[in-house]
Structures are given as structure tokens and as C-alpha cells.
Amino acid sequence: MRIRRFTEPIFESLIKICGYSSGFVVLLIIVFLFKEGISFFGSSPVEEGFTMYVHASNPVKDLSAAQIKDVFDQKITNWKALGGADQPIDFEFLPKCIDSYMDSLPGSLAFFPSAQTDGKLKSAIPIKIDKITVGKFLSDTEWFPTSRPAARMGVMPLLLGTLLVSFFAIIIALPLGLAASIYLAEIADERIRKILKPVIELLAGIPSVVYGFFGLVVIVPLVQSTFNLPVGETALAGSIVLAIMALPTIITVSEDALRTTPRAMKEASLALGASQWQTIRLVTVPYAASGITAAAILGIGRAIGETMAALMVTGNSAIMPPTLLQPVRTIPATIAAELGEAPFGGLHFQALFALGCLLFIITLIINLLVERVSAKRN
Amino acid sequence: MEFPESNERRKKLGQAIMFGLSRGISYGIVALLFLILFFIVKQGIGVINWEFLTAMPTDGMTKGGIWPAIVGTVYLVLGSMLFAFPVGVMAGIYVNEYAVAGPVKRFVKMMTNNLAGVPSIIFGLFGMALFVNQMGFGASILAGSLTLGLLALPIVIRTTEEALKSVDDTFRQASYALGGSKLYTIRKVVLPIALPNILTGLILAVGRVSGETAPILFTVAAYFLPKLPSSIMDQAMALPYHLYVISTSGTQIEASRPMAYGTAFVLVVIVLIVNIAAALLRNYFGKKVKMN
């Protein structure tokens with residue numbers, strides 16, 4: 001007895017600590033995700049240890065990552081396009097006889113390792129490169145995280161790709177899921193329901209990588225031959241696979257919602273002469289509308305966060321604007337595909353964590369939305 | 001007021017069509033599931049033999065077996081459950097038995113829901129930042145198990161909570177009346193009654209963890225290892241990751257297709273076993289644990 005008086009409080013505080021564990025984990029996720037993600041903003045898109053120089057007389061004083069890439073890709077060849085004097089841009093990558101060379105070319109733009117050139121140049125001055133900001137990260141339309149000399153990290157094509165794949169998946173899955181949930185909740189007799197329900201739950205248990213594999217060997221060739229496409233790995237293939245994966249969530253949640261409709265309401269409708277279907281359409285479904293909405297939002301959330309299936313069937317190319325019959329790249333697939341190759345702590349690494357932050361914020365909003373919508377019902 | 005007869009007929013016809021449609025769609029979804037299962041079983045079963053299950057992969061993963069991936073997945077499941085099960089069960093006990101209804105309980109439940117909704121790739125990122133880098137475990141079974149354990153945590157918490165909720169209050173009151181303390185009551189009365197349902201949650205969590213790929217990508221998974229892991233600080237191969245790499249990367253995707261079908265088959269069999277075991281346990285004890 002005395003021992004128990006001593007051990008019980010210990011166990012009880014242990015239980016209490018564990019009780020807070022999920023809150024603690026969410027907090028930790030936020031801290032670690034945002035720690036890496038936020039340091040991404042405010043850093044320079046130019047490769048670490050390098051500086052860009054222009055001739056001291058050049059009126060252009062700062063450049064953005066997009067402009068640098070255009071110069072490098074020779075889309076911009078004259079300083080006039082960058083707001084300078086009308087002279088061709090001579091782009092220099094290597095430090096060869098730097099100073100005299102730059103001195104003789106007033107239109108030069110050079111890219112040198114900072115350590116070799118810092119303070120040693122008389123006729124060249126470093127040009128200011130626009131820092132990465134949240135606004136630019138969200139609005140930039142190109143994702144070239146490893147391009148040199150300046151990386152372009154715009155989340156737009158990835159975000160639009162993710163939304164396109166997810167929303168189209170729900171457009172496919174919602175009518176099917178709603179029909180199935182109506183059947184299970186209102187039409188099927190108990191015996192059939194008892195068979196169908198576990199089978200649909202089984203659909204939720206199949207690992208996403210197996211869905212991805214199934215999509216890769218069955219749905220991708222199917223999409224390719226149906227639409228006569230050069231590649232079958234498209235947003236459409238992704239949407240179909242994600243729709244299959246979202247079905248169990250949608251069915252379970254909306255069936256639960258349909259079941260909350262009070263029996264008296266349904267009976268009142270039947271007593272007024274409405275058919276069973278009219279009752280479902282005009283009484284049961286409207287009553288469960290908020291639950292069905294929650295199911296749809298939850299389904300979208302699952303689809304947005306789905307990694308492996310999206311990675312395996314969508315083709316992973318950041319095309320802008322994304323369309324259904326072309327390869328797209330989703331945010332989770334980008335993280336999964338690129339984190340392994342991004343040098344630890346580098347700009348690309350941080351950019352992927354920033355993507356993770358964005359994804360986390362989106363799913364958090366979706367979760368809160370679901371809670372809002374379902375709370376309204378009670 | 002008169003009811004035109006055609007209206008009545010239209011009503012009946014509409015109902016017949018809509019009922020038929022929703023029944024057809026429901027059976028269609030079930031058929032789809034069987035199609036997926038049948039396809040993988042049909043393609044994979046020919047690959048399955050003793051050698052496939054117990055040999056190391058050879059010839060750039062186009063021949064041999066998947067033994068190291070099976071071992072790795074077993075380690076990861078054990079490791080993650082070693083963490084998630086005790087913590088999750090205690091958290092479930094806290095939520096259902098200790099937490100007083102109010103903002104704190106609401107907050108704890110909301111956080112559990114949020115954690116369950118976090119995409120698996122975020123767990124991968126987080127596991128890499130915290131366990132692999134910050135704590136210095138490197139890519140290891142330890143880091144992977146902890147990451148998967150965090151992912152499984154909300155599943156265990158929710159099923160435990162549901163299981164405890166289904167225990168009738170009279171049991172608790174009877175124990176208190178006999179002088180049992182709160183903890184003693186939980187330990188000797190509530191937990192034994194709720195145990196089958198708690199175990200169902202454990203089984204479902206095992207099923208989920210054994211199929212997850214994204215959280216282990218950067219925390220433990222190895223493309224190929226010539227020998228089995230010898231400590232928890234080693235990297236390991238794992239079934240889902242193995243399926244992912246041999247079906248999407250490498251130079252001999254076509255040649256390794258049979259291996260991929262075999263691996264997918266094994267994963268599907270694990271899922272089937274887990275679900276059947278959970279269903280049996282559930283039916284045997286008659287009380288239902290809901291997953292969502």
C-alpha cells in the first residue's frame with residue numbers, strides 16, 4: 001500500500017505527459033519545419049561563395065534571380081532590357097585575367113568565387129541580387145532549384161499542379177463516394193452493408209506505394225493509349241489514382257453524416273407521400289450537407305498530402321500552367337524526389353523545407369476547416 | 001387536389017434509376033478493389049517462392065529475393081510500436097480517464113486530429129531534421145522507427161480512447177466502491193476490458209506503418225545493402241521503399257518488374273492479414289473500434 005502511494009503519482013504524471021504528446025509533437029514539427037523553412041527567405045539565390053560583378057560604370061545596381069537566369073540562358077542579351085545603357089551583356093563565368101578583362105568591357109556581368117576576387121577588383125563592383133522573399137517564393141512561376149548561377153524557386157507550378165491533381169481527383173471521387181455512402185447508409189440492407197463496409201475499409205489500408213505501383217503499370221498505360229499521348233504519366237493519371245485513394249475517406253465520413261439524420265425527419269417526409277429516393281434527396285442529404293462537405297474537404301486534404309502515388313504516376317515535371325494531359329509535379333512529390341539530392345543546409349534543402357511549411361499550413365487549414373464544418377452540425 | 005398518375009410513375013421510375021445507380025457504383029467500387037488485389041496477386045504469386053522470401057537481391061535487384069527488405073520492415077514495425085504503443089495508450093488513458101471536459105481536453109483532441117492529418121512526407125522532413133540531423137542519429141533504424149512511431153501515435157491514441165470510452169462506467173464505479181484508486185481501477189478493471197479493442201488499434205497501426213514510404217525515405221531507407229543491419233544505428237531496406245525504387249528508378253526497370261510484382265504482393269498480403277486479424281478480433285469481442 002505504501003509503495004503504491006509512492007508509485008501512483010509517478011504513473012499518473014507519466015500518463016499526463018503522454019497525454020500532451022501529440023500536442024508536443026505538432027509543436028516540434030512546427031519548430032523544426034519552420035526553422036529550416038524560414039531561413040530560406042532572405043537568402044540570396046546565387047550559389048554560396050560566389051559573387052556577381054558588373055563594371056563599375058554600369059547603372060544597373062541590382063538583379064533578380066529570374067533576370068540572371070534569362071541572361072544565362074541568353075534570353076536577355078542587352079543591358080537595356082535590365083534598365084541599363086544600350087550595350088550587349090558579356091557574361092563571364094570564369095576568373096581569367098579578371099580585372100583587366102572587365103575593365104575593357106563596360107557591358108560585362110561576371111560570376112566569380114567571392115574568395116578569389118573580394119576587394120581585388122578595381123573596375124568591377126558586386127551587383128546586388130534580390131533576396132528571396134515569401135512573396136517571390138509564392139508568385140514565381142519557375143522551379144529550377146539547381147540552376148546556376150542563380151536558382152529559381154517559385155512554388156507556383158508546384159502549387160497549381162498539386163491543386164489541379166487533387167481537385168480533379170475529388171471531382172471524380174465525390175459523386176462516386178456520395179452514391180456509395182447513400183447506398184450504404186440508406187438503401188442497402190444490413191447484411192450487404194456488413195460485407196461491403198469492411199471491403200471499402202480495406203481499400204484504405206492498401207499502402208500508397210502499392211497504389212502508385214498499380215497506377216504505374218495499369219492506369220498510366222491506359223491514359224496514354226486512351227488519349228494518344230507521348231507519355232502516360234500525367235495529372236489525369238494522378239487524379240485517377242488519388243480518386244481511388246480518397247474514396248474510403250469520403251464514403252466513411254459522409255456515411256456517418258447521413259446516419260445522423262433523425263429518423264423522425266425521414267418518416268415525416270415518407271408520411272407526406274415522398275418516395276424513398278425523394279426523402280434521401282430532399283431530407284437526408286441536405287441534413288447531412290455539412291458532413292458531406294467535411295468529407296470532401298478531408299478527401300482534398302488527403303489528396304494534397306499524398307506523396308508516393310503522386311510521385312510515381314504524375315510524371316514530375318514543373319510545367320506552367322499545369323494541364324490535365326501533361327506531366328505535373330506536386331509539392332509532396334517534389335520534396336520526396338529532391339530532398340535526397342539537396343546538400344544539407346543549402347539553399348535547395350531550405351527551399352524544400354519551405355515547401356514543407358507551405359504544405360503543413362495548407363493541411364492545417366484543411367483540418368481546421370473540417371473541424372469547423374463538422375462542429376456546425378452539432 | 002389531384003395527383004396525376006404520370007407523376008407517381010415518374011417518381012417510382014426515378015427512384016428505381018437512382019437506387020440502381022448507387023447500388024451499381026457501390027458494387028463498382030468493391031469490384032475495383034478486387035481488380036487491384038486480383039491484378040497484383042495474379043502478377044505476383046508466380047514470383048513468390050521460398051527463395052524470393054529468404055534470399056538477398058542479386059543482379060542489380062532483378063533476381064534473388066527480398067529478405068533484407070522484409071527484415072528491415074519487421075525492425076521498423078517493432079521499433080515504431082515500441083515507442084508508439086506505450087505512449088499512445090497512456091495518452092488515450094489520459095484523454096478518456098483523466099482529462100476534464102474543457103478547453104484542455106479539446107486542445108489535446110484537436111492536436112491529435114491535426115497530427116493524424118499531417119501528410120506523411122512532412123513526417124519524413126521532420127524526422128530528418130530532428131532525428132537524423134539534430135539528434136545525430138543519422139539515417140538509421142532508430143531515426144526511422146521514431147519517425148514512423150510519431151506517425152502511428154494518433155492512430156493508437158484514438159483507438160485507445162474509443163476502446164476506453166466503450167467500457168461501461170458501472171465497472172469503474174464498482175471498483176471505486178470497493179476502495180480501488182483511480183489508477184488501480186484503470187489498471188485492473190478498465191484496461192483488461194478494453195484490451196481487445198486496444199489491440200485492434202495496435203494491429204491497424206502495424207498495418208499502416210509497414211506500408212509507409214515517405215517517412216522513411218530520408219530517415220532510414222537504403223536502396224541496396226549487401227548485408228542485414230546489425231544495430232539500430234544502421235540503415236535498412238524496407239518493403240515499401242524497395243517497391244518504389246525497383247519500379248521507378250534504376251537502369252533495369254523492365255527486368256526488375258517481376259521483383260516489383262512480388263514485393264507488391266507481399267505488401268498486399270500484409271495488409272490483408274492485418275485487416276482480417278483486426279476484423280476477427282473485433283468480431284470475437286463484439287465491440288467496434290472506428291478508424292476515422
Side-chain angles (χ1 to χ4, degrees), chain A residues 8 11-12 14-16 18-23 25-26 28-29 32-33 36 176 179-180 182-184 187 196 198-203 205-210 213-214 216 218 244 247 252-253 275-278 301 305 307-308 312 332 335-336 339-340 344 353 356 359-360 363-364 367 371, chain B residues 11-12 14-15 18-19 21-23 25-26 29-30 32-33 36 39 87 90-91 93-95 98-99 107-108 110-115 117-122 125-126 129-130 150 153-154 157 181 183 207 211 213-214 217-218 240 243-244 247-248 260 264 267-268 271 274-275 279 291-292:
Chain A
E8 273 197 3
F11 270 108
E12 285 184 335
L14 199 61
I15 285 171
K16 198 166 178 185
C18 288
Y20 294 127
S21 60
S22 46
V25 172
V26 172
L28 272 182
I29 291 179
F32 274 88
L33 221 53
E36 287 291 341
L176 300 178
I182 288 173
Y183 181 72
L184 286 174
I187 304 171
L196 294 191
V199 173
I200 285 167
E201 274 166 17
L202 192 65
L203 210 53
I206 297 178
S208 57
V209 69
V210 174
F213 179 63
F214 177 77
L216 197 62
V218 176
I244 300 173
L247 274 176
T252 320
V253 177
S275 71
Q276 215 185 329
W277 172 250
Q278 284 172 324
T307 312
M308 297 317 291
M312 289 165 87
I335 300 171
L339 190 64
F344 171 70
F353 270 84
L359 187 62
F360 184 79
T363 48
L364 201 67
N367 284 338
E371 235 150 86
Chain B
K11 205 165 82 177
K12 275 200 177 121
Q15 165 152 328
M18 292 321 283
F19 275 27
L21 198 64
S22 54
R23 179 181 297 129
I25 288 172
S26 303
I29 292 171
V30 172
L32 181 69
L33 171 78
I36 296 173
F39 177 79
V87 176
M90 286 211 264
I93 292 175
Y94 173 76
V95 174
Y98 283 93
F107 179 76
V108 168
M110 196 181 84
M111 281 304 169
T112 310
N113 282 344
N114 276 334
L115 192 60
V118 170
S120 54
I121 187 71
I122 300 284
L125 273 179
F126 170 65
L130 176 63
L150 295 182
L153 197 58
I157 295 177
S181 69
L183 190 67
T213 317
L217 282 175
F218 321 112
L243 174 58
Y244 165 62
S247 59
T248 57
L267 274 170
V268 164
V271 170
V274 160
N275 274 272
M291 266 308 292
N292 282 292

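In what follows, chains carry the letters A, B, and so on, assigned in the order in which the sequence lines appear, proteins first and then strands, with residues in each chain numbered from 1. Everything numeric here is computed off the predicted structure, so don't read it as measured data.
- Residue contact with chain A, scored on non-hydrogen atoms closer than 4.5 Å, involves the side chain of B/Tyr98 exclusively.
- At a 4.5 Å heavy-atom cutoff, the contact between A/Phe360 and chain B is made by backbone and side-chain atoms alike.
- Side-chain contact between A/Val210 and B/Val268: present, with at least one pair of heavy atoms (C-beta onward) separated by less than 4.5 Å.
- From A/Phe11, atom CZ reaches atom CE of B/Met90 across 7.5 Å, with rounding to the nearest 0.5 Å.
- Surrounding CZ of B/Phe19 are more than 12 heavy atoms belonging to other residues, nucleotides or ligands, all under 6.0 Å away.
- With respect to chain A, the highest number of heavy-atom pairs below 4.5 Å among B/Asn275, B/Asn114, B/Leu153 belongs to B/Asn114.
- Heavy atoms of A/Leu247 lying under 4.5 Å from chain B belong exclusively to its side chain.
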From CA spacing to verdict: side chain to side chain contact (heavy atoms under 4.5 Å, CB included), A/Leu203, B/Val30 = CA-CA 9 Å; A/Leu203 210 53; B/Val30 172; over 6 Å; no

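- For A/Pro332, the parts lying under 4.5 angstrom from a heavy atom of chain B are both the backbone and the side chain.
- When side chains are defined from C-beta on, B/Ser181 counts as touching A/Glu8, because their heavy atoms get closer than 4.5 Å.
- Comparing B/Ile93, B/Leu130, B/Leu32, B/Val95 by how many heavy-atom pairs each has under 4.5 Å with chain A, the most go to B/Leu130.
- For the set A/Gly301, A/Pro198, A/Gly205, A/Ser208, the entry with the most heavy-atom pairs within less than 4.5 Å of chain B is A/Gly205.
- Here the straight-line distance linking atom CG of B/Leu150 with atom CD1 of A/Ile29 works out to 7.0 Å at 0.5 Å rounding.
- Across all their heavy atoms, A/Cys18 and B/Ala91 have their closest contact at O-CB, 3.2 Å.
- Taking chain A as the reference chain and counting heavy-atom pairs below 4.5 Å, the highest number among B/Phe107, B/Phe39, B/Phe126 is found for B/Phe126.
- A/Ile187 approaches B/Ser22 most closely through the heavy-atom pair CD1-OG, 3.4 Å.
- Checked by atom type and distance alone, the side chain of B/Gln15 pairs as donor or acceptor with a backbone atom of A/Gln276 at under 3.5 Å.
- A pairwise comparison of heavy atoms in A/Ala179 and B/Ser26 identifies O-OG, 4.3 Å as the closest pair.
- Summarising the geometry, atom CD1 belonging to B/Ile121 is positioned 5.5 Å from atom CD1 belonging to A/Ile335; distances are rounded to the nearest 0.5 Å.
- Heavy-atom distances place no part of A/Leu184 under 4.5 Å from chain B, backbone and side chain included.
- Atom OG1 of B/Thr248 and atom CE of A/Met312 lie 5.5 Å apart (nearest 0.5 Å).
- The shortest heavy-atom contact between B/Phe218 and A/Ala336 is CZ-O, 3.5 Å.
- Considering all non-hydrogen atoms of both residues, B/Leu115 and A/Ser22 come closest at CD2-CB, 3.9 Å.
- Residue contact with chain A, scored on non-hydrogen atoms closer than 4.5 Å, is absent for B/Pro154.
- With chain A as partner, the option from B/Leu125, B/Leu217, B/Val87 having the largest number of non-hydrogen pairs under 4.5 angstrom is B/Leu125.
- Taking the ring centroids of A/Tyr20 and B/Tyr94, they lie under the 6.0 Å cut-off.
- Neither the backbone nor the side chain of B/Ala99 comes within less than 4.5 Å of any heavy atom of chain A.
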message = Using side chain to side chain contact (heavy atoms under 4.5 Å, CB included), reason through B/Lys12 and A/Ser275 one step at a time and then give a plain yes or no.
response = CA-CA 7 Å; B/Lys12 275 200 177 121; A/Ser275 71; over 6 Å; no

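- If you measure heavy-atom distances from B/Ile157 to chain A, the contacts under 4.5 Å come from the side chain alone.
- When each of B/Asn113, B/Leu243, B/Thr112, B/Val108 is scored by its heavy-atom pairs under 4.5 Å with chain A, the top score falls to B/Leu243.
- Contact of B/Ala129 with chain A is made through backbone and side chain together, with heavy-atom distances under 4.5 Å.
- When each of A/Trp277, A/Phe214, A/Phe344 is scored by its heavy-atom pairs under 4.5 Å with chain B, the top score falls to A/Trp277.
- Taken to the nearest 0.5 Å, the CG atom of B/Leu33 stands 12.0 Å off from the CD atom of A/Glu201.
- Most heavy-atom pairs under 4.5 Å with chain A: of the set B/Gly207, B/Gly14, B/Ser120, B/Ala214, this distinction falls to B/Ala214.
- Both the backbone and the side chain of B/Tyr244 come within less than 4.5 Å of a heavy atom in chain A.
- Here B/Ile122 contributes atom CD1 and A/Leu359 contributes atom CG; the two are 4.0 Å apart, rounded to the nearest 0.5 Å.
- In terms of heavy-atom pairs under 4.5 angstrom with chain B, the leader among A/Ile206, A/Ile200, A/Leu196, A/Asn367 is A/Asn367.
- A pairwise comparison of heavy atoms in A/Pro207 and B/Val271 identifies CD-CG2, 3.4 Å as the closest pair.
- The contact between B/Ile36 and chain A is made by backbone and side chain atoms together, counting heavy-atom distances below 4.5 Å.
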